[in-house]
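See structure below.
Reminder, nothing fancy here: chain letters follow the sequence lines and each chain counts from 1. Computation of the quantities below employed the complete heavy-atom set of this structure, encompassing side-chain atoms and omitting hydrogens, waters and symmetry-equivalent molecules.
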2 protein chains.
Amino acid sequence: MELAAAKLKFIEAWGKIGSEWGINRTMAQVHALLLISPEALTTEEIMENLSISRGNANMTLRDLIGWGLIEKQHKAGERKEYFFADKDVWNIARQVAKERKKRELEPVLKVLNELSAVTGNEKDPELITFKKSIADINKLANNVDKTLETMLKAEENWFWGSILKVFK
Amino acid sequence: MELAAAKLKFIEAWGKIGSEWGINRTMAQVHALLLISPEALTTEEIMENLSISRGNANMTLRDLIGWGLIEKQHKAGERKEYFFADKDVWNIARQVAKERKKRELEPVLKVLNELSAVTGNEKDPELITFKKSIADINKLANNVDKTLETMLKAEENWFWGSILKVFK
DNA sequence: ATAAACTTTCAATAATTTTTGAAAGTTTAA
DNA sequence: TTAAACTTTCAAAAATTATTGAAAGTTTAT
């Protein structure tokens, strides 16, 4: 396969993955484009490359910066802003894990905690089932939380080394 | 907090989590409802409880069965179908992991493999960057795949025991 | 101070996803 | 076979989410 075709295919695939994981297609595609680009690109170049509007490009780039996945770069003597992606895939995974933990897991843990305090007739099967479910989910969520916490601090080789060794 | 209020809050929260993870809100809410219900419920009861239409309930229940998260049950002497959710949270996590692995991760691994075979001028920075990105993503995806594979086979206590011990 | 170069905003529009509900289909019992 | 009880389908409508593009805003150089 030729590079040009492969690039298109990668951008498409990354966009699809993104949308399956609740990240909007365009955002994932812009990220893909920057990920495989050796040079930082301008808004203009991104718009053209992906056939998206200026407004869309601007918002998407802003979001990607918010996720910590790309950064702005300024070139000496130029007014234009350039954007480039962190190419370290482990950093990307960690960054995504970090943001989703903060944005999603933590609020869930908070709600689960509140729900643990439900009151009522302790003989009521409805209450018994409810409490058991909440307790189980709570336990799972806490284990996930701890594992992510470790992942965030860990180096890639150490992390996978440890996990895969245990599972051999 | 009273049980009735807690149930509503849980259904809402589970729905929100679902939609953040690309599962549609209603599907997650129906799952939540069945998860905290000690008895199997009919389509009718689910419709009423969540204020959704018959068509929606039917499709959603079908999807949940497809994900292996709920099952049909028949009660002796009754024509109606009852639905109930597996209450084992570890099974749920495994089931979701299994389906997403099959539906999403495996196709991605396939595409990444094809993209590894890209050809071109080996001195071209574009090609070098592309190949490096693909190789790195490939490695990460394979590690995730192996870990999920282990998770699918594992008992909950063993799994978390192993992971959390390593990370202590 | 002005204008060119560039970035951001946001109301309107488009695209996508979800939901409805009535009609069609199926199963069971008599 | 008929009809009641129940389930499934799917075209149309509603809701949600993403995108556009022109106008407003900002920064820099002169």
Side-chain angles (χ1 to χ4, degrees), chain A residues 11-12 14-34 39-67 69-84 103-104, chain B residues 11-12 14-34 39-67 69-84 103-104:
Chain A
I11 290 169
E12 192 193 6
W14 206 241
K16 181 139 171 284
I17 296 166
S19 64
E20 283 166 345
W21 287 80
I23 287 148
N24 108 27
R25 252 174 66 85
T26 303
M27 188 168 148
Q29 289 185 338
V30 170
H31 184 237
L33 177 63
L34 291 175
E39 300 293 333
L41 301 178
T42 62
T43 301
E44 210 76 33
E45 289 169 317
I46 292 164
M47 286 165 58
E48 192 182 317
N49 222 300
L50 301 176
S51 306
I52 61 175
S53 71
R54 183 173 302 285
N56 196 3
N58 183 269
M59 282 188 157
T60 296
L61 289 165
R62 185 133 51 73
D63 281 355
L64 282 168
I65 290 171
W67 274 81
L69 295 176
I70 68 171
E71 286 177 42
K72 280 186 188 175
Q73 197 173 63
H74 287 280
K75 295 204 178 177
E78 286 202 54
R79 297 256 325 252
K80 275 199 286 275
E81 293 179 326
Y82 286 78
F83 299 90
F84 74 100
R103 297 176 191 205
E104 295 161 24
Chain B
I11 289 168
E12 192 192 2
W14 206 240
K16 181 139 171 284
I17 295 165
S19 64
E20 283 167 345
W21 286 81
I23 288 149
N24 108 29
R25 254 174 69 83
T26 303
M27 187 168 150
Q29 288 185 338
V30 170
H31 184 238
L33 178 63
L34 292 174
E39 301 292 334
L41 303 178
T42 61
T43 301
E44 211 75 35
E45 289 170 315
I46 291 164
M47 286 165 58
E48 193 182 315
N49 221 300
L50 300 176
S51 307
I52 61 175
S53 71
R54 183 173 301 286
N56 196 3
N58 183 269
M59 280 189 159
T60 297
L61 289 166
R62 184 135 48 76
D63 280 355
L64 282 168
I65 289 172
W67 275 81
L69 295 175
I70 68 171
E71 287 177 41
K72 280 186 188 176
Q73 197 172 61
H74 289 280
K75 294 203 178 176
E78 286 203 53
R79 297 255 327 252
K80 274 198 287 275
E81 292 179 326
Y82 287 76
F83 298 89
F84 74 100
R103 296 175 193 209
E104 294 160 26

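B:Lys72 is linked by a salt bridge (charged side-chain N to carboxylate O under 4.0 Å, His left out) to B:Glu81, counting only residues two or more places apart in sequence or in another chain. Taking A:Glu45 as the reference, nothing meets the salt bridge (charged side-chain N to carboxylate O under 4.0 Å, His left out) condition, with sequence neighbours excluded. Not counting sequence neighbours, the partners of B:Arg103 by the side-chain hydrogen bond (donor to acceptor under 3.5 Å, both in side chains) test are B:Glu99.
The CD1-P distance, from A:Ile52 to C:dA15, rounds to 16 Å in whole Å. Look at CE on A:Met47: it is 12 Å from C1' on C:dC6, rounded to the nearest Å. Atom CG in A:Leu41 sits roughly 13 Å away from atom P in C:dT7 (whole-Å rounding). In this entry the distance linking CZ of A:Arg25 with C1' of C:dA14 reads 15 Å, nearest Å. The distance from atom CG of A:Leu50 to atom P of D:dT19 is 11 Å, rounded to the nearest whole Å. When the P atom of C:dT17 is taken as reference, atom CE of B:Met27 falls 16 Å away, rounded to whole Å. Between the C1' atom of D:dA11 and the CZ atom of B:Arg54 lies a distance of 19 Å, rounded to the nearest Å. Atom CD in A:Glu44 sits roughly 14 Å away from atom P in D:dG21 (whole-Å rounding).
Counting heavy atoms from C-beta outward, B:Trp14 and B:Ile17 have side chains that approach closer than 4.5 Å. The shortest side-chain heavy-atom distance between B:Glu39 and B:Tyr82 does not fall under the 4.5 Å cut-off.
Distance check, rounded to the nearest 0.5 Å: CZ of A:Phe84 to CG of A:Leu41 gives 11.5 Å.
Considering all non-hydrogen atoms of both residues, A:Phe83 and A:Leu61 come closest at CE1-CD1, 3.6 Å. In terms of heavy atoms, B:Ala57 sits closest to B:Thr43 at CB-CG2, 4.0 Å. The minimum heavy-atom distance between B:Met27 and B:Asp63, with the atom names listed, is SD-CB, 3.8 Å.
For the pair B:Thr26 and C:dT19, the criterion of a side-chain N or O lying under 4.0 Å from OP1 or OP2 is met. Not one side-chain nitrogen or oxygen of A:Thr43 sits closer than 4.0 Å to the OP1 or OP2 atom of C:dC6.
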Begin with the C-alpha distance, continue with both residues' side-chain angles, and end with the deciding distance and a verdict on side-chain contact (heavy atoms from CB on, under 4.5 Å) for B:Leu34 and B:Leu69. CA-CA 10 Å; B:Leu34 292 174; B:Leu69 295 175; over 6 Å; no
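Judged by closest nucleotide on DNA chain D, B:Tyr82 is the one of B:Tyr82 and A:Asn24 placed further toward the 5' end.
At the heavy-atom level, B:Ser51 lies under 4.0 Å from the strands shown only through sugar-phosphate atoms.
Other residues, nucleotides and ligands contribute over 12 non-hydrogen atoms within 6.0 Å of the CD atom of B:Glu20. Heavy atoms of other residues, nucleotides or ligands lying less than 6.0 angstrom from CD of B:Glu48 number 12 at most.
Taking every heavy atom of residues 55-62 of chain A and every atom of DNA chain C, pairs under 4.0 Å involve A:Gly55, A:Asn58, A:Met59, A:Arg62, by number. Sorted by residue number, the members of residues 72-80 of chain B with any non-hydrogen atom under 4.0 Å from DNA chain C read B:Arg79.
Inter-axis angle, ends of the helix from C:dA1-D:dT30 to C:dA30-D:dT1, five pairs per end, rounded to 10 degrees: 10°.
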